[in-house]
Amino acid sequence: MDAMGLGRFIAIEGGEGAGKSTQARLLAEALSLRGIACKVTREPGGTPGAEAIRSLLLDPPGEGWEPESEALLFAAARADHVARLIRPALARGDWVICDRFVDSSRAYQGAAGALGDEAVVALHAIGSSGLLPDLTLVLSVSPEGAARRLAARDGSHADAIGGRPAEYHAQVDAAFRAFAAADPERFALVDGDGPVEAVHARIMAALERLC
Ligand code: T5A
């Protein structure tokens, strides 16, 4: 149980096009049918301030951000999101399902980017008092499968971070797997390949530990 109330905090993580948003929605529907009040939210974003920062990050002005500025902007967006949406929802007893959270910063800015894990964790301690999810589901999808899904949805359009080279995204995927292996109590690695309903069933099975 979360120390702030009865609510549980679930994050869904993974690379581009892993199916996080789709599965967040299905999970909320399944929990609602069980009488659990859920708040589905996303990062970067979730509050007006954090959504404004999202635009700056994904569609940057000028020549884009240096790695340090990028990490600070993600941490600032998260601090607003945690203070104004996530903590109040958990305190009310709602469950929060968050499409990406701090482990995205650890994987993208920390591991694939230049910052390293310690710096990202330190920013999270300052910005959000180090809040961690009760459970972090990492959706693991083959690069070919994810590319097919994104091509079908977005064509050749990618945002400033999604459009980074394949090696960057391979490092992101490797980092998520390493986090899950290092902390099996907080993480569950879920096979994200296959039909939407099959992935949803795997997520529901992974959730048993919270019930
Ligand atoms: N970022 C974010 C950082 O660098 N640091 C951070 O700290 C944070 C929080 C966010 C970007 O910011 C970076 C990571 C990202 O680059 P975003 O637009 O939120 O940008 O990007 P994503 O999180 O990658 O979101 P996507 O929408 O691209 O991917 P999802 O949510 O994983 O996938 P989803 O559910 O939208 O599905 C993609 C498509 O596939 C279909 C869906 O219908 C959709 O069309 N689909 C399936 N098709 C077949 N079989 C399945 N099982 C399917 N599941 C979904």
Side-chain angles (χ1 to χ4, degrees), residues 11-29 40-47 50-51 53-60 64-65 67-82 86 97-115 117 119-121 123-124 127-128 131-133 136-166 168-173 175-176 179 190-203:
I12 306 188
E13 298 277 14
E16 315 287 309
K20 299 175 296 298
S21 314
T22 304
Q23 294 301 330
R25 184 173 40 78
L26 288 178
L27 175 56
E29 285 168 12
V40 180
T41 187
R42 69 169 181 182
E43 290 211 343
T47 58
E51 290 289 336
I53 296 175
R54 177 186 177 92
S55 302
L56 290 173
L57 280 160
L58 300 188
D59 186 14
W65 303 106
E68 293 77 8
S69 320
E70 181 177 289
L72 284 160
L73 283 168
F74 275 113
R78 183 163 299 123
D80 193 64
H81 189 207
V82 165
I86 295 177
I97 300 168
C98 195
D99 183 345
R100 297 192 180 279
F101 193 62
V102 67
D103 297 301
S104 278
S105 284
R106 295 177 65 209
Y108 283 76
Q109 285 68 49
L115 237 68
D117 202 47
V120 171
V121 169
L123 290 180
H124 189 53
S128 304
L131 178 71
L132 291 176
T136 302
L137 300 158
V138 173
L139 281 184
S140 162
V141 180
S142 69
E144 303 76 33
R148 260 197 311 276
R149 290 178 193 175
L150 290 175
R153 192 190 64 184
D154 303 335
S156 57
H157 174 80
D159 61 51
I161 297 176
R164 288 179 182 166
Y168 181 93
H169 291 291
Q171 283 179 290
V172 166
D173 281 339
F176 278 129
F179 300 159
V190 175
D191 178 1
D193 282 317
V196 168
E197 286 304 333
V199 179
H200 173 63
R202 290 176 205 135
I203 285 182

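In each ligand, atom 1 is the first atom listed, and ligand 1 is the first ligand listed. FYI, the numbering just counts along the sequence from 1. Basis for what follows: all heavy atoms, side chains included, without hydrogens, waters or symmetry-related copies.
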Just heavy atoms, cut-off under 4.0 Å: does [X] contact ligand 1 by side chain, backbone, both, or neither?
X      : value
Leu58  : side chain
Arg153 : side chain
Arg54  : side chain
Pro44  : both
Arg42  : neither
Glu70  : neither

Heavy-atom proximity to atom 6 (C) of ligand 1, picking from Phe101, Tyr168, Tyr108, Phe74, points to Phe74

Check: of Gln109, Gln23, Arg106, min heavy-atom distance to atom 5 (N) of ligand 1 comes from Gln109

What is the nearest protein non-hydrogen atom to [atom], stated with its residue, atom name and distance?
atom                    : answer
atom 33 (O) of ligand 1 : Gly19 N, 3.2 Å
atom 22 (P) of ligand 1 : Arg100 NH2, 3.6 Å
atom 37 (O) of ligand 1 : Thr22 OG1, 3.8 Å

Review point. Thinking salt bridges, do Glu51 and Arg42 make one under a 4.0 Å N-O criterion?
Key: yes

Practice item. Determine, for Glu16 against Arg153, whether the closest basic-nitrogen to carboxylate-oxygen distance falls under 4.0 angstrom. Key: no

If we only count N/O pairs under 3.5 Å, is Gly194 in contact with ligand 1? yes

Fill in: Over 12 foreign heavy atoms within 6.0 Å of CZ, Arg148
no

Under 4.0 Å from one or more heavy atoms of Gly162, ligand 1 contributes atoms 16 (O)

If we number the atoms of ligand 1 from 1 as shown, the ones under 4.0 Å from a heavy atom of Ser104 are 5 (N), 6 (C), 7 (O), 8 (C), 9 (C)

Asp99 vs Val40, test: side chain to side chain contact (heavy atoms under 4.5 Å, CB included). Steps then yes/no. CA-CA 8 Å; Asp99 183 345; Val40 180; 5.9 Å; no

Residue pair Glu43 / Ser104, side-chain donor-acceptor N/O under 3.5 Å
no

* Between His81 and Thr41, does any side-chain donor sit less than 3.5 Å from a side-chain acceptor? -> yes

